[in-house]
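Worksheet: the structure to be examined is printed underneath.
Sequential numbering from 1 along the given sequence is applied to the chain's residues. Computed from a predicted model, the values in this text were never measured in an experiment.
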Amino acid sequence: MASIKKSISTKLDGNGYGQILYRVSITKNAKVRIKTNVFVPTKRWDEAKERINIGKSIGFERAELVESDAKLKDLEAKILRLCEMYPAEVLTKEWIENVLE
């Protein structure tokens, strides 16, 4: 059974946003790192819980965070589905990224 560990990149854009990264453990010895192309403010990332902390945000920021959270959940579900459908030898970083595009 595949699992996904989420983190935020230490490289930030000009607005203080970091990209969410997935470390996908396909098998014990097969792991790949996937860029999600989802950026969130670093202050809104909960490293301990590996999720976006929407909290008491309001207005545009809240809408942006909710949309980013939905994208992450959808992407995670797609990756896990791919890991169930295909053998570990097929699931390379490049192959997964091409399928997701």
Side-chain angles (χ1 to χ4, degrees):
M1 178 78 185
S3 64
I4 298 177
K5 181 169 174 51
K6 299 170 243 30
S7 63
I8 193 164
S9 175
T10 56
K11 296 179 182 175
L12 305 178
D13 68 2
N15 298 322
Y17 282 53
Q19 182 172 199
I20 305 301
L21 305 171
Y22 283 168
R23 182 169 175 86
V24 183
S25 298
I26 301 163
T27 65
K28 183 177 180 179
N29 297 322
K31 297 174 174 64
V32 294
R33 192 168 179 172
I34 305 289
K35 293 181 178 181
T36 63
N37 293 321
V38 176
F39 292 82
V40 297
T42 55
K43 67 180 181 176
R44 290 294 185 181
W45 180 251
D46 187 338
E47 193 68 40
K49 295 181 181 178
E50 297 181 3
R51 66 180 178 94
I52 298 171
N53 183 9
I54 297 172
K56 296 181 180 180
S57 58
I58 58 172
F60 175 75
E61 182 185 26
R62 182 173 186 81
E64 181 182 55
L65 293 172
V66 168
E67 181 181 344
S68 295
D69 192 48
K71 285 180 185 177
L72 288 176
K73 288 178 182 176
D74 183 48
L75 186 60
E76 185 174 350
K78 287 178 182 176
I79 292 171
L80 291 174
R81 204 170 319 120
L82 288 174
C83 291
E84 291 173 0
M85 294 173 57
Y86 295 95
E89 303 82 41
V90 174
L91 298 168
T92 64
K93 175 182 178 172
E94 295 79 19
W95 187 84
I96 292 172
E97 288 175 344
N98 285 335
V99 169
L100 294 175
E101 287 179 8

Min side-chain heavy-atom separation Asn37-Leu75 under 4.5 Å: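 A side-chain contact under 4.5 Å is absent here.
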Side chain to side chain, Asn15 and Pro41, heavy atoms closer than 4.5 Å: no
Residues which pass side-chain hydrogen bond (donor to acceptor under 3.5 Å, both in side chains) with Lys5, listed by chain and number, not counting sequence neighbours: Glu50
Salt bridge (Lys or Arg N to Asp or Glu O under 4.0 Å) against Lys93, all qualifying residues, sequence neighbours excluded: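 For Lys93 there are no salt bridge (Lys or Arg N to Asp or Glu O under 4.0 Å) partners, ignoring immediate neighbours.
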[atom2] on [Y] to [atom1] on [X], rounded to 0.5 Å:
X: Ile34; Y: Ile79; atom1: CD1; atom2: CD1; answer: 5.5 Å
X: Asp69; Y: Ile52; atom1: CG; atom2: CD1; answer: 5.0 Å
X: Arg62; Y: Ile54; atom1: CZ; atom2: CD1; answer: 6.0 Å
X: Gln19; Y: Thr36; atom1: CD; atom2: OG1; answer: 5.0 Å
X: Leu91; Y: Glu89; atom1: CG; atom2: CD; answer: 8.5 Å
X: Lys35; Y: Ser9; atom1: NZ; atom2: OG; answer: 7.5 Å

For residues 20-33, which side-chain N or O atoms pair as donor and acceptor with protein atoms under 3.5 Å away, sequence neighbours left out?
{"unit_1": "Tyr22", "atom_1": "OH", "unit_2": "Leu72", "atom_2": "O", "d": "2.8"}
{"unit_1": "Thr27", "atom_1": "OG1", "unit_2": "Asn29", "atom_2": "N", "d": "3.4"}
{"unit_1": "Thr27", "atom_1": "OG1", "unit_2": "Ala30", "atom_2": "N", "d": "3.1"}
{"unit_1": "Lys31", "atom_1": "NZ", "unit_2": "Lys28", "atom_2": "O", "d": "2.6"}

Ring pair (Phe, Tyr, Trp, His ring centres under 6.0 Å) contacts touching residues 68-96 (sequence neighbours left out):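 Residue pairs passing ring pair (Phe, Tyr, Trp, His ring centres under 6.0 Å), neighbours aside: Tyr86-Trp95.
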Co-members of the apolar cluster containing Phe39 [side chain, <4.5 Å]: Tyr17
Sequence neighbours excluded, every pair satisfying salt bridge (Lys or Arg N to Asp or Glu O under 4.0 Å) that has a member inside residues 6-19: Lys6-Glu76
